[in-house]
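Throughout, a chain's letter reflects where its sequence line sits, starting with A, and its residues are numbered from 1.
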Amino acid sequence: MEKNLPELPEVETVRLGLLPALEGRTIKDVVVRRRDLRTPVPENFEDRVRNQKVLGLSRRSKYILISLESRETIIVHLGMSGRIRIEEGNPCEPDKHDHIEFITDSRHCIRFGDPRRFGFVDLIQAGQVDLYPSLAKLGPEPLDADFVGDVLYDRLKGRQTTMKAVLMDQRILAGLGNIYVNEALFRAGIAPQKKAGSLSRAQAEKLVMVIKDVLQEAISAGGSSLKDHRQTDGELGYFQHSFQVYGREGEACLNCQSEIIQRMVQQGRSTFYCSSCQQ
DNA sequence: CGCTCCACCTGAACGC
DNA sequence: TGCGTTCAGGTGGAGC
């Protein structure tokens with residue numbers, strides 16, 4: 001069992017967990033305890049959010065978008081260690097790394113915490129969302145129906161770098177991080193060091209299929225953990241989920257049962273793979 | 001433009 | 001016990 005870091009499925013799980021507490025509610029109060037996140041929380045954030053009704057929550061890649069009646073949108077990114085907790089009724093003391101809290105008219109207290117402060121919370125005009133620097137250059141959403149094998153194939157054509165590197169590149173495909181890149185390449189039987197430009201159309205099609213599968217499975221696992229979690233500590237997004245290859249260095253490959261899972265470092269990140277099953 | 005490397009930040013795990 | 005080191009990884013900017 002692992003604690004997932006916030007990649008697309010974890011962020012989607014947070015969004016789903018926030019829905020019942022936020023959608024259609026009015027944010028009655030906002031407290032910012034620390035502004036120096038990855039980017040500073042806007043100076044007038046509290047005034048612009050207080051007494052605003054939440055129209056809806058959406059997600060783009062690993063970013064949560066909270067649209068307000070004022071035609072502004074809150075953007076939340078969890079970085080690596082960001083977390084959101086929902087408390088109902090009697091509010092308890094925030095811990096050391098709870099930086100922002102929102103109180104709703106339904107008496108929910110929603111806390112954003114982030115020990116490493118790689119995450120951020122920002123506020124922009126609703127019409128400017130797609131122009132926001134972090135979002136503007138993002139590649140396609142992997143779960144979109146029109147993201148198919150040929151789309152990925154075309155984006156990889158002529159690339160000299162590795163499959164690991166291109167799948168980590170948010171401009172080529174949005175939402176994957178180190179864990180799900182490892183899992184997808186393992187399931188597709190593609191070597192992480194393979195040159196991206198040498199991928200066949202058939203391999204691209206297979207890869208897109210397993211990417212959708214692995215993300216959807218993780219979102220489903222998150223959804224089922226949501227119920228359990230909400231009853232206990234209210235923390236969203238960090239659910240238990242086991243992986244087929246990530247973190248399994250030295251263990252037998254779950255596919256061929258004979259080879260041992262290897263670990264190497266690519267772009268400064270751990271890659272786990274089976275040298276027999278992944279070519 | 002394509003690609004690689006590294007800083008940012010802190011807590012956990014590990015070695016002695 | 002305690003201190004120091006290493007590792008974890010999303011993002012964006014520097015450098016070639």
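Its side chain within the 4.5 Å cluster rule, A:Met264 clusters with A:Tyr273 among the Ile, Leu, Val, Met, Phe, Trp and Tyr residues.
Remark: the backbone N or O of A:Asp95 is paired with a side-chain donor or acceptor of A:Asp98 at under 3.5 angstrom. Under the 3.5 Å distance criterion, the side-chain polar atoms of A:Arg38 are left unmatched by any main-chain donor or acceptor of A:Gly79. Of the possible donor and acceptor atoms, none in the side chain of A:Glu249 sits under 3.5 Å from a partner among the backbone N and O of A:Gln262. At distances below 3.5 Å, at least one donor-acceptor pair connects side-chain atoms of A:Thr104 with backbone N or O atoms of A:His108.
Contact footprint of chain A on DNA chain B: nucleotides with an atom under 4.0 Å from a non-hydrogen protein atom, first to last in 5' to 3' order, B:dC3 to B:dG11.
If you check the side chains of A:Glu72 and A:Gln125, you find a donor sitting under 3.5 Å from an acceptor. Between the side chains of A:Thr271 and A:Lys164, at least one donor N or O sits under 3.5 Å from an acceptor N or O.
Dashed line: the shortest gap from a side-chain N or O of A:His77 to OP1 or OP2 of C:dT11 is under 4.0 Å. Residue A:Ser270 places at least one side-chain N or O under 4.0 Å from the OP1 or OP2 atom of C:dA8. One finds no side-chain N or O of A:Tyr63 lying less than 4.0 angstrom from the OP1 or OP2 phosphate oxygen of C:dG10. Taking side-chain N and O atoms only, A:Ser81 has no distance below 4.0 Å to OP1 or OP2 of C:dA8.
Of the listed nucleotides (C:dG12, C:dA8, C:dG10), C:dG10 has the atom at the smallest distance from the side chain of A:Arg269. Among C:dT11, C:dA8, C:dG12, the nucleotide with an atom closest to any side-chain atom of A:Arg116 is C:dA8. Side-chain proximity of A:Arg263 to the nucleotides C:dA8, C:dG10, C:dG12 is greatest for C:dA8.
Within residues 156-175 of chain A, the residues that have a heavy atom under 4.0 Å from DNA chain B are, in order of number, A:Arg159, A:Gln160, A:Thr161.
Classification of A:Glu23 and A:Lys53 as a salt-bridged pair fails, no side-chain N sitting under 4.0 Å from a carboxylate O. Between A:Glu87 and A:Arg85 there is a salt bridge, since at least one side-chain N of the basic residue sits less than 4.0 Å from a carboxylate O of the acidic one.
A straight line from CG of A:Leu78 to P of C:dG10 spans 12 Å, rounded to a whole angstrom. The CD1 atom of A:Ile75 sits 13 Å away from the P atom of C:dT11 (whole-angstrom rounding). Between the CZ atom of A:Phe272 and the P atom of C:dC7 there is a distance of 12 Å, given to the nearest Å. What separates CG of A:Asn178 from P of C:dT11 is a distance of 12 Å, to the nearest Å.
If you check every strand for non-hydrogen atoms under 4.0 Å, A:Arg155 touches nothing. Note on A:Lys137: nothing from the nucleic acid sits closer than 4.0 angstrom, heavy atoms only.
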**Message:** For Watson-Crick and G-U wobble pairs within 3.5 Å on both distances, what is DNA chain C written in dot-bracket notation, | included for inter-strand pairing?
**Reply:** .|||||||.|||||||
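Between A:Phe120 and A:Gly268, the one whose closest nucleotide on DNA chain C sits nearer the 5' end is A:Gly268.
In this view, A:Arg33 and A:Glu101 satisfy the side chain to side chain donor-acceptor pair (under 3.5 Å) rule, not counting sequence neighbours.
The list of ring-ring contact (aromatic ring centres under 6.0 Å, His included) pairs with a residue in residues 141-171 of chain A, not counting sequence neighbours, is empty.
Taking the six-membered ring for Trp and thresholds of 30 and 60 degrees, A:Phe120 and A:Tyr132 have ring planes inclined between 30 and 60 degrees apart.
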